[in-house]
Amino acid sequence: METALQQFSVLPSTKEQRQSFIKMAVEEITSGNIDAIKADAILKGAADTIEAIRKHNDVKSAVQNSADKYSEKTFSAYGYEITKSSKTTYDYKGIDTVLDSLYGQMEQLKQAIKAREATVKSGFDPATGETFAPVPFTQTDILSYKLK
């Protein structure tokens, strides 16, 4: 009986296999052998599924427990060089009144910047009568996918 993760075993496991797989997939999509939106939907679903599995707290804990069995900071396993590290995050809010005041000022500045950007984007400041040149911009087309 096949396990859930065995379904991913058909994916490439080395750099060379990955490069070849990517090249073949890109060719299939760009040549029209598969509908581009269908291909993108398949890839989006696979990426979302993999991300959800990897981000699951129980999976992250199991992976960390497995990595802790290696005494080295950097070790090799399953074709990867894996390095163990840690990240420390500090929460300064509510500890120091000066910092709290600075955080408040930062939020006010962010809001003031957004408001000023909107004024400049409109091309006219009604308070001063100042006019602005059109704001340069770039536009990117985006497709959003929502699984039904």
Rounded to the nearest 0.5 Å, what's the gap from CZ on Phe21 to OG on Ser13? Could you check?
11.5 Å
Does a side-chain heavy-atom distance below 4.5 Å link Ile22 with Gln19?
no
What's the spacing between Ile29 CD1 and Ile34 CD1 if we round to 0.5 Å?
7.0 Å
Rounded distance [0.5 Å steps], CD in Glu117 versus CD1 in Ile113
7.0 Å
Taking Thr49 for its side chain and Gly45 for its backbone only, find out whether a donor-acceptor pair lies under 3.5 Å.
yes
Minimum heavy-atom distance between Glu2 and Gln7, given as atom pair plus value
OE1-CG, 3.6 Å
First locate atom CD1 of Ile42, then atom CD1 of Ile37, and finally report the distance between them rounded to the nearest 0.5 Å.
12.5 Å
What are the two closest non-hydrogen atoms of Gln6 and Thr3, and how far apart are they?
OE1-N, 2.7 Å
Can you list the residues that meet the salt bridge (charged side-chain N to carboxylate O under 4.0 Å, His left out) rule with Lys69, with sequence neighbours excluded?
none
Are Ile95 and Val98 co-members of a hydrophobic cluster defined by side-chain heavy atoms under 4.5 Å apart?
no
Would you say Phe8 and Ile53 make side-chain contact, with heavy atoms under 4.5 Å?
yes
Taking all atoms of both residues into account, what is the closest heavy-atom pair of Glu72 and Lys84, and its distance?
O-CE, 3.0 Å
Using atom types as modelled, flag every donor-acceptor pair under 3.5 Å from a side chain in residues 120-129 to any protein atom, sequence neighbours excluded.
{"unit_1": "Ser122", "atom_1": "OG", "unit_2": "Thr119", "atom_2": "O", "d": "2.6"}
{"unit_1": "Ser122", "atom_1": "OG", "unit_2": "Phe124", "atom_2": "N", "d": "3.4"}
{"unit_1": "Ser122", "atom_1": "OG", "unit_2": "Phe124", "atom_2": "O", "d": "3.1"}
{"unit_1": "Asp125", "atom_1": "OD1", "unit_2": "Ala127", "atom_2": "N", "d": "3.0"}
{"unit_1": "Asp125", "atom_1": "OD2", "unit_2": "Arg116", "atom_2": "NH1", "d": "2.9"}
{"unit_1": "Asp125", "atom_1": "OD2", "unit_2": "Thr128", "atom_2": "OG1", "d": "3.3"}
{"unit_1": "Thr128", "atom_1": "OG1", "unit_2": "Glu130", "atom_2": "N", "d": "3.2"}

Quick check: is Leu5 connected to Val10 through a chain of hydrophobic side chains (ILVMFWY, heavy atoms under 4.5 Å apart)?
no
Output every pair passing ring-ring contact (aromatic ring centres under 6.0 Å, His included) with a member in residues 33-78, not counting sequence neighbours, ordered by first then second residue.
Tyr70-Phe75
Is there side-chain contact between Val59 and Arg54, with at least one heavy-atom pair below 4.5 Å?
no
Give the table of side-chain donor-acceptor pairs shorter than 3.5 Å for residues 131-148, with sequence neighbours excluded, one pair per line with atom names and distance.
{"unit_1": "Tyr145", "atom_1": "OH", "unit_2": "Asp40", "atom_2": "OD2", "d": "2.8"}

For residues 92-109, which residue pairs qualify under salt bridge (Lys or Arg N to Asp or Glu O under 4.0 Å), counting only residues two or more places apart or in two chains?
Glu107-Lys110
Any salt bridge (Lys or Arg N to Asp or Glu O under 4.0 Å) pairs touching residues 10-31, not counting sequence neighbours?
none
